[in-house]
Enquirer: 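Here you go, one structure.
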Amino acid sequence: MAGLKRTHTCGELDASAVGNTVTLMGWVHRRRDHGGVVFIDLRDRYGVTQAVFKPENEELMEKARQLKQEFVVALTGTVEARPDDMINRDLKTGGIEVHVNTLRILNESRTPPFVIEDEAQALEDLRFKYRYLDLRNQVLKENIILRHRAMTAAREHLDSLDFLEIETPLLVKRTPEGARDFMVPSRLNPGKFYALPQSPQLYKQILMVSGFDRYFQLARCMRDEDLRADRQPEHTQIDLEMSFIAEEDVYAVVEGLMKHIWKKAIDVDVEIPFQRMTYAESMARYGTDKPDLRFALEIQEITDIVAASTSDMLKGAAAKGGAFAIGSVEGAALSRKNVDALEEAAKKLGAVGLARGKLAADGTSTGIFRFFDEESQAKLREMFGLDKDGLVLIVAGDRETSLKSLGAVRLKLAEMCKLVPEGKFRFVWITEFPLFEWDPALEAWTPAHHMFSMPLESDMDFLESDPGRVRARLYDLALNGVELGSGSIRNHVRSIQERVMKVIGLDEKEAERRFGFLLEAFGYGAPPHGGIALGMDRIAMVLAGKDNIRDFIAFPKTTSGASLMDDCPSAVDDRDLKDLYIKIDLPRKD
RNA sequence: GGGGUCGUGGUGCAGCUUGGUUAGCACACUGGCCUGUCAAGCCAGAGGUCGCGGGUUCGAGUCCCGUCGGCCCCGCCA
């Protein structure tokens, strides 16, 4: 019996194997003891196979009765077809079962803190603490496998296009731009610190200077910022950069890449090329720069119609920017409570309120529309295609706030009315983002995305006179309301860089201190170049049609950045700190 | 930095509004019965002092204050 060797996995046996003697190894998923006959569901990475113990062998039965959840066993037996009425159609291997003649317990298990099942009952914090057990769950396992397939497809495809995967350092120079860096003290350089990279951005641009005209990397990126359901302190990007190219080249590569990933990972044919939309259009129609295009519910500006109404409240608010609305036939069925929840969503993003009313097909109306004359009501019905009774929701006030608020309402309304189709993938390129953003706190212009993005040729003249108007050669890829990635054509021209730096008040000395090495590299023949970084974790999540990114990372952190399994981060010994010349100086709590 | 919400046997939840006899349910667990189940079934049993600290009260899981932790959201995340 020594030297028992696994012949098959628990996911592969079917009718063609009937009569064969096989050896399976795995974990006891369930035991069903019927006194005379005992069933064991044996589980491994590949699936579950039913093993049967019959009463003829008393000794074997005794051993089978010792089995508990999560014991690791090896068993040898004969594959038998199941009678028709005993076939389990929910199981890949449900047509057969293994009649056991040898059982060996390879290892015992303590009673697990929660039962391993597809619809995990335990709460996430407990599942995080015992992540290795949770990963035995077939659903979670499929997620990780799906992610692997997507990553492999990405590598395959980019390699086929002559992209080189080049690793960039994890210990890098701190750049006080953008997100907070994780910092790593340098023992060999007392008092000095490395940073963990937020992205390989500067390095990949330098690789362009070196002539590696097509680079990619499945890169780990770390940011010391507050977390969310779709945000982890470390994540993986498909990072790529190309030389001698324009936007179209990046779009073509990424569209082919997505098509390949979708095909390989979930066997879905993605239509290319992707739709394109400017940032301005996306904001006006959907109130966001990552629109979910699986459903319509478009925002319409109704400032004129509101101006003609008798609602002083709306007119007053609209005077501060405009009035915007969405309308929906399905929404007419929503309860007062539901619409109030929509208003809460709008207020969360800064709207003062959400005016609402119903427009009926017979011309009667309720709510806010008591203040609108018949002509205006007809116009609104037409605008929103309300051939039946419909709900119309209005936000008025500052233009950007109103649009963003209504954008959130749009998503929530679609969810409430079940307007979001499953299994549909609507990619869209969002283009022509503004280069600068006004920071009211600093009272200064700051780069909206990336210091080194090229301004749009047509807007170059406004760099000094009207920075807010300058758009850049920036692009985002959005899918079903999720931002998959963003990139740009970079600014490789020294004279334009200098003008950009002047706008954000970055003098030469400061620029030198922060990006000196990049600027210096650019001085030695930087080719025109550009690229993009795509969120790998998010891609896996969207492929599976889910919305919790932690289920697609093998060992994720909680929203406070902790890993509950290994209790990290943790305090360190004084001796370690001494080596680094570091003293902890926590603020006193009162 | 701010807001919301949750914390009760191993797990998931109820109880808390209107404080008061043995803190209830399901699953898991232990023992027994059962030759066809696949969330097996049936019977019996063990297991919690209610995240932690303080306060109010004759009396607190229940009210108050603080604190810790999980989750969600705003800010932040080029």
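This is a predicted model, so every value here is computed, not measured. The chains referred to below are lettered A, B, ... by the order of the sequence lines, with proteins before strands, and numbering in each begins at 1.
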Enquirer: Touch check for A:P113, heavy atoms < 4.0 angstrom, all strands: base, sugar-phosphate only, or nothing?
Expert: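 Here A:P113 touches the backbone only, sparing every base.
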Enquirer: Just the rounded figure in Å: distance from C1' of B:C29 to CD of A:E70.
Expert: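 The answer, rounded to whole Å, is 14 Å.
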Enquirer: Need the pair for B:C76. Rule: Watson-Crick or G-U wobble, both distances under 3.5 Å, any strand; none if unpaired.
Expert: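 Pairing partner, where one exists within any strand: none, as none qualifies.
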Enquirer: I'd like a table of atom pairs between the protein and nucleotides 70-73 of chain B - only N or O on both sides, under 3.5 Å - with the distance next to each one.
Expert:
residue: B:G70; atom: OP1; partner: A:T558; partner atom: OG1; Å: 3.3
residue: B:G70; atom: OP1; partner: A:S560; partner atom: OG; Å: 2.5
residue: B:G70; atom: OP2; partner: A:S560; partner atom: OG; Å: 3.2
residue: B:C71; atom: OP1; partner: A:T559; partner atom: N; Å: 3.1
residue: B:C71; atom: OP2; partner: A:T559; partner atom: N; Å: 2.9
residue: B:C71; atom: OP2; partner: A:T559; partner atom: OG1; Å: 2.2
residue: B:C71; atom: O5'; partner: A:T559; partner atom: OG1; Å: 3.4
residue: B:C71; atom: O3'; partner: A:R550; partner atom: NH2; Å: 3.4
residue: B:C72; atom: OP1; partner: A:R550; partner atom: NH1; Å: 3.3
residue: B:C72; atom: OP1; partner: A:R550; partner atom: NH2; Å: 2.5
residue: B:C72; atom: OP2; partner: A:R550; partner atom: NH2; Å: 2.6
residue: B:C73; atom: OP2; partner: A:A229; partner atom: N; Å: 3.4

Enquirer: Using atom OH of A:Y130 as one end and atom C1' of B:G10 as the other, report the distance to the nearest whole Å.
Expert: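 One finds 9 Å between C1' of B:G10 and OH of A:Y130, rounded.
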Enquirer: Please evaluate residues A:D551 and A:K546 with respect to the criterion side chain to side chain contact (heavy atoms under 4.5 Å, CB included), reporting the C-alpha separation (whole Å), side-chain torsions for both, the decisive distance (0.1 Å), and the verdict.
Expert: CA-CA 9 Å; A:D551 286 346; A:K546 296 290 167 52; over 6 Å; no
Enquirer: Taking the minimum atom-to-atom distance to the side chain of A:A179, which one of B:C77, B:U11, B:U35 wins?
Expert: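 Nucleotide nearest to A:A179's side chain: B:C77.
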Enquirer: Counting only Watson-Crick or G-U wobble pairs whose two distances fall under 3.5 Å, which nucleotide matches B:U49?
Expert: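 Here B:U49 is not engaged in any pair, so there is no nucleotide opposite it.
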Enquirer: With both distances under 3.5 angstrom, what nucleotide forms a Watson-Crick or G-U wobble pair with B:G69?
Expert: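 Pairing partner: B:C6.
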Enquirer: Applying salt bridge (charged side-chain N to carboxylate O under 4.0 Å, His left out), run through A:E225 and A:R231 and close with a yes or a no.
Expert: CA-CA 9 Å; A:E225 291 291 348; A:R231 218 191 284 160; over 6 Å; no
Enquirer: For A:F114 and for A:D33, locate the closest nucleotide of RNA chain B by heavy-atom distance; then report the residue assigned to the nucleotide nearer the 5' terminus.
Expert: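 Taking each residue's closest nucleotide, the earlier one in sequence belongs to A:F114.
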Enquirer: Regarding A:E437, tell me which of base, sugar-phosphate or nothing describes its non-hydrogen contacts under 4.0 Å with the strands shown.
Expert: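 Since no nucleic acid heavy atom lies under 4.0 Å of A:E437, the category is nothing.
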Enquirer: In sequence, state the C-alpha distance, the side-chain angles, and the governing distance for A:H8 and A:V79, and then conclude on side chain to side chain contact (heavy atoms under 4.5 Å, CB included).
Expert: CA-CA 11 Å; A:H8 296 79; A:V79 180; over 6 Å; no
Enquirer: Show your working on salt bridge (charged side-chain N to carboxylate O under 4.0 Å, His left out) between A:R127 and A:D134 and close with a plain yes or no.
Expert: CA-CA 6 Å; A:R127 295 167 51 205; A:D134 206 22; 2.8 Å; yes
Enquirer: Looking only at heavy atoms, what is the nearest atom pair of A:V500 and A:L463, with distance?
Expert: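 That would be CG2-CD2, 4.3 Å.
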Enquirer: Between B:G7 and B:G51, how many Å separate the two P atoms, rounded to a whole number?
Expert: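 To the nearest whole Å, 8 Å.
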Enquirer: How many whole angstroms separate atom NZ of A:K129 from atom C1' of B:U11?
Expert: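 After rounding, the gap between these two atoms is 14 Å.
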Enquirer: Looking just at side-chain N and O atoms, do A:D566 and A:S563 make a donor-acceptor pair shorter than 3.5 Å?
Expert: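 Short answer, yes.
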Enquirer: Apply salt bridge (charged side-chain N to carboxylate O under 4.0 Å, His left out) to A:K290 and A:D476, showing your working.
Expert: CA-CA 8 Å; A:K290 44 181 180 179; A:D476 273 12; over 6 Å; no
Enquirer: Would you tabulate the pairs of protein nitrogen or oxygen atoms and nucleotide nitrogen or oxygen atoms of nucleotides 36-39 of chain B closer than 3.5 angstrom?
Expert:
residue: B:G36; atom: O6; partner: A:K54; partner atom: NZ; Å: 2.1
residue: B:G36; atom: N1; partner: A:E97; partner atom: OE2; Å: 2.9
residue: B:G36; atom: N2; partner: A:E97; partner atom: OE1; Å: 2.5
residue: B:G36; atom: N2; partner: A:E97; partner atom: OE2; Å: 2.9
residue: B:U37; atom: O4'; partner: A:H34; partner atom: NE2; Å: 3.4
residue: B:U37; atom: O2'; partner: A:R32; partner atom: NE; Å: 3.3
residue: B:U37; atom: O2; partner: A:R32; partner atom: NE; Å: 2.7
residue: B:U37; atom: O2; partner: A:R32; partner atom: NH2; Å: 3.1
residue: B:U37; atom: O2; partner: A:Q50; partner atom: OE1; Å: 3.3
residue: B:U37; atom: N3; partner: A:Q50; partner atom: OE1; Å: 2.8
residue: B:U37; atom: N3; partner: A:Q50; partner atom: NE2; Å: 3.0
residue: B:U37; atom: O4; partner: A:Q50; partner atom: NE2; Å: 2.9
residue: B:U37; atom: O4; partner: A:R82; partner atom: NH1; Å: 3.2
residue: B:C38; atom: O4'; partner: A:R32; partner atom: NE; Å: 3.1
residue: B:C38; atom: O2; partner: A:Q50; partner atom: OE1; Å: 3.3
residue: B:C38; atom: O2; partner: A:N88; partner atom: ND2; Å: 3.1
residue: B:C38; atom: N3; partner: A:R82; partner atom: NH1; Å: 2.7
residue: B:C38; atom: N4; partner: A:R82; partner atom: NH1; Å: 3.3
residue: B:C38; atom: N4; partner: A:M86; partner atom: O; Å: 2.5

Enquirer: Of the non-hydrogen atoms in A:A533 and A:Q237, which two are nearest, and what is the gap between them?
Expert: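 Taking A:A533 first and A:Q237 second, the nearest heavy atoms are CB-OE1, 3.3 Å.
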Enquirer: Which residue lies toward the 5' end of RNA chain B, A:V115 or A:G35, if each is placed at its nearest nucleotide?
Expert: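 Nearer the 5' end of the strand: A:V115.
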Enquirer: Provide the distance between the two C1' atoms, one in B:A26 and one in B:A14, to the nearest whole Å.
Expert: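 My reading of the C1' atoms in B:A26 and B:A14 gives 11 Å.
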Enquirer: Can you tell me the Watson-Crick or wobble partner of B:G24, both distances under 3.5 angstrom?
Expert: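 When the pairing criteria are applied, B:C13 turns out to be the nucleotide that pairs with B:G24.
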Enquirer: In whole Å, what separates the P atom of B:G31 from that of B:C13?
Expert: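 One P to the other, the span is 29 Å.
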Enquirer: C1' atom, B:C16 versus B:C6: distance in rounded Å?
Expert: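 Rounded to whole Å, the distance is 14 Å.
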Enquirer: Mind checking the C1' distance from B:A46 to B:G3? Whole angstroms is fine.
Expert: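 Result for the C1' pair: 44 Å, nearest Å.
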Enquirer: Can you check the A:R127 CZ to B:U11 C1' distance for me, whole Å?
Expert: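 That distance rounds to 12 Å.
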Enquirer: Hey, does the side chain of A:Q69 come within less than 4.0 Å of B:C29's phosphate (OP1/OP2), counting only N and O?
Expert: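 Yes, such a contact exists.
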Enquirer: Determine whether the aromatic ring centres of residues A:F522 and A:H492 are separated by less than 6.0 angstrom.
Expert: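 They do not qualify: ring centres at least 6.0 Å apart.
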Enquirer: Expressed as a whole number of Å, how far does the P atom of B:U8 sit from that of B:G48?
Expert: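 Nearest-Å result for B:U8 against B:G48 at atom P: 16 Å.
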Enquirer: Please give, in whole Å, the distance from B:C77 P to A:I549 CD1?
Expert: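 Rounded to whole Å, this separation is 18 Å.
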Enquirer: Measure the distance from NE2 on A:H29 to P on B:A28 and round it to the nearest whole Å.
Expert: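 Roughly 12 Å, once rounded to whole Å.
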Enquirer: Which whole-number value in Å describes the distance from A:I116 CD1 to B:C27 C1'?
Expert: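 Rounded to the whole Å, the gap is 14 Å.
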Enquirer: Can you measure A:L67 atom CG to B:U30 atom P for me and round it to whole angstrom units?
Expert: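 From A:L67 CG to B:U30 P: 12 Å.
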Enquirer: So which heavy atom on A:Y194 is nearest to which on A:L171, and how close?
Expert: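 Smallest heavy-atom distance, with atoms named: CD2-CB, 3.7 Å.
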Enquirer: Take A:V352 and A:V395, measure what side chain to side chain contact (heavy atoms under 4.5 Å, CB included) needs, and give me the verdict at the end.
Expert: CA-CA 8 Å; A:V352 178; A:V395 175; over 6 Å; no
Enquirer: Pick the P atom in B:U18 and in B:A28, then give their distance to the nearest Å.
Expert: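 Pairwise P distance, B:U18 against B:A28, rounds to 38 Å.
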Enquirer: In whole Å, what separates the P atom of B:U22 from that of B:C27?
Expert: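 My reading of the P atoms in B:U22 and B:C27 gives 27 Å.
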